[in-house]
Structure formats: structure tokens, C-alpha cells
Amino acid sequence: MILENIKSPADLKKLNIDKLGVLSCEIRQELIKNVLKTGGHLASNLGAVELTLGVHYTFNTPKDKLIFDVGHQCYVHKMVTGRYEKLDTLRTFGGLSGFPKPNESEYDTSISGHAGTSISTALGIARSRDLKNEDYDVIAFLGDGSLGNGMVYEAMNDVAQTGTKIIVILNDNEMSIEKNVGGMSEYLSKLRTTKRYIKTKDNLSKFLEKLGGFGRGTKKVLQKIKNAFKYSAISNVFFEELGFTYIGIIDGHNFESIINALNRAKEIEGPVIIHAFTKKGMGYEKAEKEPSLFHGVKGEKSVKKLNSDYSSKVGDVLCKIAEKNDDVVAITAAMTSGCGLNEFSEKYPKRFFDVGIAEEHAVTMAAGLAIGKTIPVVCIYSTFMQRAYDQIIHDVCISNLHVVFCIDRSGIVGDDGETHHGIFDISYLSHIPNMTVFSPTCEDELEKILDYAVNKMDGPVAIRYPRGEMPLGSRVENFEIGKSCVVKKGNDVTIVAVGNMLETGNKVLGILKENGIDATLINALVVSPCDIKTISENTEKYLFTIEDNVLAGGYGEKVKAQIEKNVRFKNYGWDSKFVAHGKSDLLYEDSHLDAKSIAEDILKIVKGDK
């Protein structure tokens, strides 16, 4: 097995192209075997095998810097940079990260988990290189889905100013998580299918073959002529007007084409973009047929049929609301399936807008829709909504526009780690004037709050909810929207839990009861404005809050600042550090945010005061 002998990219350089082909097959087999067990991004890695090997074969990493965009397609890179033997620990607690991580390896130049960042990062590194008079290449991967992100064009526009030498590899598989949308997707499609190019290529090949031996010999000589004609035939003006030399379209699974293009790019002065066409899920029939389904797989140990989940419920409720209210529209940023909006997009195609990986645009467009007297519901993951922070403030909240934000994947999300945990949304949303923030804990609350937010409110509102299974039915009968709910009344201590931490709060109650402590449990429900009245009325001496958010700027800080009673207070949440990847239960335990750890800490506080 060739793969077992690849300890670093230097070992790749000992192989000929045929051996690289064998290695690519071995890598795909190992990817399929391991990722189906551990979970992770399968289809995108299967599609990037040859491109990744080609870069390490042609360039001298880590001296030459390789930058990933999004980063979830870095598994092949990890396998050939000394981490193959740890592949079975991928995305597990204490194991390999599912994204590039500089403190994991010198070959991981920068961390990346969001789209559209690679050219900006590469440009910064390249400019630093030039300032220090150093000599190395900077290569940036860019997925075609990322071309929907505005940061890409900001970076390209900047490249055009000075012509700094970077090499961008456009990995064009027609997909992000789902089918790409928008003008750039249409443009790339035209490049791929330009009849003039296809006809020119086919006619030239047939003509040379007809010449027999002379033609076959001449074919190599005329290759440059053919390429030049090809480049002129496919209208690549867009990239070249931005200052890039365009090379493509090349077959992203053909080593000869990849290596030739990379070597050519090395010799060109100034920025270069290599347009490679690949197949997402390549080499695994199921992933090739359904690349969206196999974009991210859960892994054998995680397979569990959910009774219901928050994302799907949001989609169901929105469909019901939209049936009665023609003004309701839904917006997402390349997350139709992830945010549970498939049914809405099918039932109301004219009222559904997938803007691609462009969260900033999604929010400002929602502001425009609200100005036009429609009611936009913006469904985006918490970690990605961070990208639109200025737009939320400047375009929505200052004007107090009626935009409903459905903040999916709030709190810890598990195996994807630092770049994907949604543990900042309470902090970055709840301090914005005019913004109301809800955190439902069950099916009944989610349904009623979403309906109320759309049909009864008239300003900006955010509804945050976690990834995964949703408790069915109701936690509290006859709860009032806008007020915290007393789940259980006790006499000794008060615990206020936010969102999915209510379940933890319930478990804490049980442990405290076993130790002779009678506790009150309050479901915070509305995070901002904080319902301090209900909390104060149900608190005597001890007050504890639990949230799946960083402590800094979180719900507990709001409560502490507003409570006027002289009480012993402590907040439980995430410390101001980035949380690693791993199963959520392990992460809670490791940071002492599990029910047992919290209950033991409360017992120490109460007993210490007696």
C-alpha cells in the first residue's frame, strides 16, 4: 500500500503519475472507510483528492503556503502531511480536527471554517513575503460555491491593485453544500459548456488523428496552439479584468493536466487562477449521485432517528404561517436543507430566496424586503450569522425593521469544533437596541414564538435554537410569550436555564433534591429584554444561571446587572476561550457544564454558607 509510506509531501515527489493514480484510489478507500465511521465531510474530500495531491507534488510545502477555503476538504491534505495514522480519530475529542488547525501541524497555514476567506488570507501572506523579501509560493483553494461570497471580490479587487503573486485554484464542482445559485454559478456553467470551445477541441483532435503518425506526433507540438485557442474561446474576461491570468478549464481528476497547470502557474508573474472542474463525491457512487446528502455524514456511532428536530420544525411552522400570510418570505444562505426549508422552497418558490454563501447580503436584502412591507424570515446558522453583525445593527436594528432571524445551531454543535460552535449569539445579539431574543426549549414554545414573532411583532426579533433533537409537546402549560416561566417552584435556591440548558437544569434539580436542596427552576425563554421581574419574584438567597453561550456578554451577565436583591449569584457558561471539537456531552463534561458538575458546585456554595 503506497499510502502507508507517505509520511510527508516529500514522499509524493518520489512517485510517477501512474503511482499517484494508485495512491488516489487508496486515499478514497480510506476516506470512505473512516469518514463513514467518524462522520465528517465526505463528498467534498472525495472530489479534491487529485487537486490536493497535485499541489503537494508540485510545490514545496510547508515552505510554500497552502490555504484552504471553508477548510472541510482538508482530509486528503492531512493524510499526506503525516497524519494518516490518526485518521480514525477525525473529529473526535482529542483527535484530528475536521478543519485546518495551525497548532495541529506546520502544514496547516491558517484555520478556516467559513467560506470566502482564502484569497484574503493568501494575499496577506504573500504581501508579508514580499515585504520581507522572502521566496515562496502561496496557493489558495477556492470552491465555486464561495464565489457567491462578497469577501472573495473584495480580495480580488485588492489583488488587481498591485498584482501580488498568488495562485488560486478554483475547485469547480457546481456545488457548495447544495446546488450553487446566482450569477457566478451561471457564468461558470457557461464556461464549462461553451459550444465554441467544445467544438474547437473536438475538431482539432479529430483533424490531428486523421493525419496518422504525423498527426499524433504533431499533436504534442500543437498542444500550446490548441490551449491558446481554447483559452480565447471560453470568455474568461471576468477573471482577467480583475488582474488574474486565467488557466483552464482543466480536468481536476487528471494528474497530467493538474501538474502542467500548476507548473505553468509557477512561472507566470502576478496572480493566477486555475479553473479545475471536479466531481463532488468522486469514486463513491452513492456520493456522486447524491453529493448534498454525502456532503456531511454523521458517522456510525451518531446514527439516530430523531423524533423531531428544531430545524425541521421551523420549516414546518413557516409553511403553515405562509399559507395564511402572503407577506411572509424565507431567506437562507446556501442552507436550504440544513435550515429545514426544503418544503417551503417547493411550496412557495416565489417567496423563497437562497442567496448563496452571502450572509451579509441576506440580512441587508431582508431589510429591503421589510421596508417593502413584506415579512422576511432569515434562517442562518449561528456561526455564519456572525458574518452579518454590522448588517444586523446598521441595516435592520437602527431602523427597527420587522425582520425575523431564525438562529439555527445555537450553542455547542460538537464535532465541527471552534469554527462552527454557536456560543456567541446571545452576546452579539442581546445588547443591540430594538432586538428581541427568544430561546425556546420545546416544540410548543418554538411554534408559538415563531408565529408570534411573524404575525404580532413589528421590530427585529431573533429566535435561537440548538442543533438536533427537540423535546415534543410543552414544558410549561400556558406560558406567556415575553416572560420567563417557572417550571418548578422550590424554597432554597433558584436556577434559571436558557434554551437547551433547561434539560441540564432539570437534572441539576434532581441531584440537588437527593442532597436535601429544594430548588426553583425557571425557563428563561426570552433572553432580551431580560424578564428580571419573574426571576426576582422567585429568588430569595441563591441565584444561578445556566446558558450554552460564553459568559462574557451572556444572559447571566444581564441578570447579574439587573437583579436588585442581595443574593449569592453564579453563572454557568463557556469561558472566554474557543471550544475544541468532540461529542457535545464530552465537551460539557470537560468544561464542567454537565448536570453533575453544576450540581456539585452549587452544593459546595450552599453548604459553604451554612
Side-chain angles (χ1 to χ4, degrees), residues 1-9 11-12 15 18-57 68 70-101 104-105 107-108 113 141 143 171 173 175 177 252-253 255 258 278-305 413-417 420 580-584 586:
M1 188 177 184
I2 297 174
L3 182 56
E4 292 177 347
N5 297 315
I6 304 298
K7 305 302 180 183
S8 75
D11 294 320
L12 291 176
L15 306 177
D18 290 338
K19 292 292 186 182
L20 286 176
V22 174
L23 176 61
S24 66
C25 292
E26 293 179 0
I27 285 174
R28 284 193 169 91
Q29 290 172 1
E30 290 299 302
L31 281 173
I32 294 166
K33 180 179 73 174
N34 283 279
V35 178
L36 288 179
K37 287 181 180 178
T38 64
H41 294 91
L42 181 57
S44 52
N45 280 281
L46 291 172
V49 174
E50 288 82 7
L51 284 178
T52 306
L53 292 179
V55 169
H56 282 298
Y57 185 83
F68 286 92
V70 184
H72 57 228
Q73 76 280 45
C74 71
Y75 301 175
V76 182
H77 160 77
K78 295 198 174 196
M79 292 171 75
V80 298
T81 53
R83 289 169 279 181
Y84 162 60
E85 292 180 355
K86 295 182 180 179
L87 190 64
D88 59 353
T89 71
L90 187 68
R91 301 171 77 250
T92 61
F93 187 60
L96 291 180
S97 169
F99 295 87
K101 199 168 183 178
E104 185 180 284
S105 169
Y107 290 93
D108 293 2
F141 271 115
N171 180 12
N173 58 23
M175 302 284 291
I177 291 178
H253 300 297
F255 279 114
I258 293 167
T278 61
K279 189 173 185 64
K280 194 169 184 178
M282 180 72 173
Y284 184 41
E285 187 176 358
K286 292 180 179 179
E288 288 184 23
K289 288 182 178 179
E290 298 184 274
S292 295
L293 183 64
F294 283 88
H295 171 80
V297 295
K298 292 184 179 298
E300 291 177 353
K301 295 179 181 177
S302 302
V303 174
K304 179 170 110 174
K305 186 175 181 181
V413 297
D415 302 326
D416 283 336
H420 282 61
H581 60 278
K583 298 302 177 192
S584 295
L586 289 174

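Scope of the values below: all heavy atoms of this structure, side chains included, with no hydrogens, waters or symmetry mates.
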Problem set entry | R91 (side chain) donor-acceptor with G39 (main chain) under 3.5 angstrom | yes
For this session: Begin from the C-alpha positions of R83 and D108 and carry the test side chain to side chain contact (heavy atoms under 4.5 Å, CB included) through to its verdict.
Result: CA-CA 12 Å; R83 289 169 279 181; D108 293 2; 2.8 Å; yes
For this session: Could you tell me whether the side chain of F255 reaches within less than 4.5 Å of the side chain of L53, counting heavy atoms only?
Result: yes
Problem set entry | Within 6.0 Å of NZ in K7, more than 12 heavy atoms from elsewhere | yes
For this session: Measure the shortest side-chain to side-chain distance between P100 and Y107 over non-hydrogen atoms and say whether it is less than 4.5 angstrom.
Result: no
Seminar exercise, completed: Residues passing the side chain to side chain donor-acceptor pair (under 3.5 Å) test with E26, sequence neighbours excluded, are none
Exercise. Between S8 and T81, is there a donor-acceptor pair closer than 3.5 Å when you use the side chain of the first and the backbone of the second?
Worked result: no
Exercise. Is any side-chain N of the basic residue among D88 and K37 closer than 4.0 Å to the acidic one's carboxylate O?
Worked result: no
For this session: Please determine which of I6, L31, N34 meets the side-chain contact (heavy atoms from CB on, under 4.5 Å) test together with M79.
Result: L31
For this session: Could I get the full list of side chain to side chain donor-acceptor pair (under 3.5 Å) partners for T278, not counting sequence neighbours?
Result: N171
For this session: Start with the C-alpha gap between V35 and N45, add the side-chain angles, then the distance that decides, and say whether side chain to side chain contact (heavy atoms under 4.5 Å, CB included) holds.
Result: CA-CA 10 Å; V35 178; N45 280 281; over 6 Å; no
Problem set entry | Qualifying residues under side chain to side chain donor-acceptor pair (under 3.5 Å), relative to D11, sequence neighbours excluded | K14
Seminar exercise, completed: Closest non-hydrogen atoms of C74 and G98, given as atom of the first, atom of the second and distance, are SG-O, 3.9 Å
Seminar exercise, completed: For V76 and V49, the nearest pair of non-hydrogen atoms, with its separation, is CG2-CG2, 3.9 Å
Seminar exercise, completed: So OG of S24 and CG of L3: to nearest 0.5 Å the spacing works out to 11.0 Å
Exercise. In chain order, what residues pass the ring pair (Phe, Tyr, Trp, His ring centres under 6.0 Å) check against H581, with sequence neighbours excluded?
Worked result: none
Problem set entry | Side chains of T52 and F141 in contact at under 4.5 Å (non-hydrogen atoms) | yes
Exercise. Measuring from H253:NE2 to L46:CG, what's the distance to the nearest 0.5 Å?
Worked result: 9.5 Å
Exercise. What distance separates L12 CG from L23 CG, expressed to the nearest 0.5 Å?
Worked result: 6.5 Å
Seminar exercise, completed: Value for CD1 (I2) from CG (N5), rounded to nearest 0.5 Å, stands at 8.5 Å
Seminar exercise, completed: Interatomic distance, NE2@H56 vs CG@L51, rounded to 0.5 Å, equals 11.5 Å
Exercise. Who pairs with H420 by ring pair (Phe, Tyr, Trp, His ring centres under 6.0 Å), at least two apart in sequence or on another chain?
Worked result: F99, F384
Exercise. Mind checking whether K279 and N173 have side chains closer than 4.5 Å, heavy atoms only?
Worked result: no
For this session: Give, for atom OH of Y75 and atom OG of S97, the distance between the pair rounded to the nearest 0.5 Å.
Result: 8.5 Å
For this session: Decide side chain to side chain contact (heavy atoms under 4.5 Å, CB included) for K78 and Y84; before the verdict, give the C-alpha distance in whole Å, the side-chain angles of both, and the deciding distance to 0.1 Å.
Result: CA-CA 7 Å; K78 295 198 174 196; Y84 162 60; over 6 Å; no
For this session: State which residues pass side chain to side chain donor-acceptor pair (under 3.5 Å) with Q73; sequence neighbours excluded, sorted by chain then number.
Result: none
For this session: Output yes when R28 and E50 qualify as a salt bridge under the 4.0 Å nitrogen-oxygen rule, no when they do not.
Result: yes
Problem set entry | Polar contact flag, side-chain donor to acceptor under 3.5 angstrom, H72-D416 | no
Exercise. What are the two closest heavy atoms between L15 and Y57, and how far apart are they?
Worked result: O-OH, 3.0 Å
